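To start, the structure under review is shown below, and the notes come after it.
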Number of protein chains: 2
Amino acid sequence: MIFITIYTNIRVEQGNRGSDDMARKKSETSPARRGRPPAYDAETALKRATETFWRTGYSGTSLDKVAAATGMSPPSLYAVFGNKHALYLEALARYWEISLAATREALAGDHPLDEALMLAYDAALSIYFSGKGAARGCFVVGTAVTEVAEDAAIRSSVAAGLRMIDADFEARFRLAQDKGELKRDADPAALAILASATMHTIAIRARAGARRSELREMARKAVDVLCGCRR
Amino acid sequence: MIFITIYTNIRVEQGNRGSDDMARKKSETSPARRGRPPAYDAETALKRATETFWRTGYSGTSLDKVAAATGMSPPSLYAVFGNKHALYLEALARYWEISLAATREALAGDHPLDEALMLAYDAALSIYFSGKGAARGCFVVGTAVTEVAEDAAIRSSVAAGLRMIDADFEARFRLAQDKGELKRDADPAALAILASATMHTIAIRARAGARRSELREMARKAVDVLCGCRR
DNA sequence: TCTATTTAATAACGCTCGTTACAAATATTG
DNA sequence: CAATATTTGTAACGAGCGTTATTAAATAGA
């Protein structure tokens with residue numbers, strides 16, 4: 001079988017076609033670089049690369065597959081990201097940014113504890129079930145955890161991310177305790193671990209084929225237990 | 001760099017050297033097969049292959065690495081296991097057998113609920129921290145979950161295993177409720193999900209470099225919460 | 001000893017891997 | 001227009017991938 005790769009799709013909009021005003025305006029903001037202008041948007045490329053790693057993992061994804069997904073040639077990918085490992089590391093960092101922000105935002109509003117937790121799990125489910133086709137679960141749990149055993153850079157990224165989620169949950173439980181939503185003798189650190197654990201089990205099950213409604217139900221029940229020691 | 005693979009190590013003991021009695025005895029029990037006797041033990045080979053997949057994942061492990069680990073040549077591996085995929089599937093099935101049995105045994109004794117749960121987590125930790133070098137965590141979480149997105153056979157194995165652990169935990173919580181160890185209005189299914197979730201988060205964190213003592217402490221606290229709705 | 005039978009290792013298959021020289025393409029500057 | 005700078009795609013690199021055809025080795029039975 002012959003595999004013909006057709007590079008397409010994410011070429012940067014030139015923009016300075018049809019309107020000289022816009023072209024001139026653009027050259028005012030960015031002082032007009034010298035050589036051939038970049039044809040691709042690094043941001044979009046990173047997103048497409050992430051999608052690919054997400055499905056088939058780091059070791060299971062070849063650079064040719066990433067090239068096909070981004071529409072870029074391998075040398076262009078190297079020029080922008082360095083190499084495969086650096087590209088994955090950047091995808092991982094970006095994923096942490098987005099998913100940590102989502103969790104933090106869900107927990108930050110002034111909702112009751114149980115609602116706040118459900119918002120966090122709903123945010124996670126939105127990510128785990130994003131993209132077309134079957135659910136991919138969490139990018140970290142689904143792809144990074146495998147590499148973590150032999151790759152120090154990935155390991156420290158994962159370890160740091162896990163600590164942050166734990167800390168966010170713990171802060172929210174501590175706040176709930178201060179506000180009287182939680183019993184005085186509850187252990188915020190313990191509850192935080194269980195809240196993280198619930199997120200991890202959902203991540204695993206989503207990738208393994210569980211239905212979204214089923215996972216939301218699990219989250220619901222877990223929240224009931226975690227807030228059970230209420231008031 | 002030249003990589004010279006030296007096949008060694010797991011050759012089957014011939015046994016019928018030095019003593020004709022033993023040779024004759026052996027030919028009595030097993031009626032003496034015709035051709036060249038097998039030099040390798042499939043059981044040992046599967047164990048060694050598992051160790052290798054466990055560290056570097058399915059996609060990240062080449063058949064040459066497995067060959068080096070087992071001391072077998074690639075054709076011998078194919079003769080015994082079929083191909084790489086079938087070999088991994090067999091390793092996965094065997095791992096489920098062992099780890100499910102360990103959990104079931106821990107929960108089966110007539111210990112109090114909290115002790116039974118801790119026995120289960122201690123059994124898991126023994127597996128996650130087995131082998132030399134840094135902890136590899138859970139074989140399923142560490143290697144199968146990545147493949148699950150694109151591999152139907154691995155996916156159904158993982159899904160089935162997850163269901164079984166859930167069921168085992170739920171049965172134990174239900175028993176606890178019947179014995180009066182747990183409040184009447186506790187939800188055994190919900191507690192079972194959280195018990196599984198705790199196991200999953202421990203699996204992830206172990207591979208990501210967490211210390212064993214730290215993870216045991218997490219388990220301890222989780223058990224406290226899960227049994228907190230006691231009597 | 002010769003033949004039949006079973007397992008083992010060598011060496012290669014075609015293909016894909018991550019990576020990179022290289023030259024063509026496209027822009028600004030003089 | 002020529003010179004310079006930057007990004008592009010083509011085509012290749014050596015190495016490794018999963019897999020297999022082939023042949024050698026080692027046993028039992030005739």
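Because the structure is predicted, anything quoted here is derived from the model rather than measured. By convention in this document, chain letters (A, B, ...) are assigned in the order of the sequence lines, proteins followed by strands, and residues within each chain are numbered from 1. What you see below is based on every heavy atom in this structure, not just the backbone, and it leaves out hydrogens, waters and symmetry mates.
- Not counting sequence neighbours, B:Ser156 has no partner by the side-chain contact (heavy atoms from CB on, under 4.5 Å) test.
- The distance from the CG atom of A:Leu92 to the CD atom of A:Glu97 is 11.0 Å, given to the nearest 0.5 Å.
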Give me the distances for all protein-to-nucleotides 19-22 of chain D N/O pairs that come in under 3.5 Å?
unit_1 : atom_1 : unit_2  : atom_2 : d
D:dT19 : OP2    : B:Tyr78 : OH     : 2.1
D:dT19 : OP2    : B:Lys84 : N      : 3.1
D:dT19 : O5'    : B:Tyr78 : OH     : 2.6

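- Between A:Phe139 and A:Tyr95, the ring planes are tilted. Angles from 30° to 60° get that label.
- Under the 3.5 Å distance criterion, the side-chain polar atoms of B:Trp54 are matched with a main-chain donor or acceptor of B:Gly137.
- Using a 4.0 Å cut-off, some side-chain N or O of A:Ser76 falls inside it from OP1 or OP2 of D:dT8.
- Atom pair B:Asp41:CG and C:dT7:P shows a separation of 14 Å (rounding to whole Å applied).
- Axis orientation changes by 20° from one end of the helix from C:dT1-D:dA30 to C:dG30-D:dC1 to the other, with each end axis drawn from 5 pairs and the value rounded to 10°.
- Note on ring orientation: taking the six-membered ring where Trp is involved, the planes of A:Phe53 and A:Tyr88 are perpendicular (angle over 60°, cut-offs 30° and 60°).
- Among the heavy atoms of the strands, none lies under 4.0 Å from B:Ser59.
- Rounded to an integer number of Å, the gap from OH of B:Tyr40 to C1' of D:dA26 is 13 Å.
- Nearest-nucleotide mapping onto DNA chain D: of B:Thr61 and A:Ala79, the residue sitting toward the 5' end is A:Ala79.
- At whole-Å resolution of the value, CE in B:Met72 and P in C:dA8 are 6 Å apart.
- In this structure, CZ of A:Arg34 is placed 10 Å from P of C:dT28, rounded to the nearest angstrom.
- Sequence order on DNA chain D of the closest nucleotides to B:Gly35 and A:Gly35 puts A:Gly35 first from the 5' end.
- Applying the 4.0 Å criterion to OP1 and OP2 of C:dC17, one finds that A:Ser62 has a side-chain N or O inside that range.
- When the C1' atom of C:dT7 is taken as reference, atom CZ of B:Phe81 falls 15 Å away, rounded to whole Å.
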Taking it one step at a time, do A:Asp166 and B:Arg205 satisfy salt bridge (Lys or Arg N to Asp or Glu O under 4.0 Å)? CA-CA 12 Å; A:Asp166 290 345; B:Arg205 292 166 196 268; 2.7 Å; yes
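- Side chains of B:Arg207 and A:Thr146: a donor-acceptor N/O pair is absent below 3.5 angstrom, by distance only.
- The side chain of A:Ser73 places no N or O atom within less than 4.0 Å of a non-bridging phosphate oxygen (OP1 or OP2) of D:dT8.
- When rounded to the nearest whole Å, the span between CZ of B:Arg36 and P of D:dT27 equals 8 Å.
- Side-chain contact annotation: B:Thr201 with A:Ser196, donor-acceptor N/O pair under 3.5 Å absent.
- Enclosure of atom CZ in A:Arg211 is not indicated, since only 12 or fewer non-hydrogen atoms of other residues, nucleotides or ligands lie within 6.0 angstrom.
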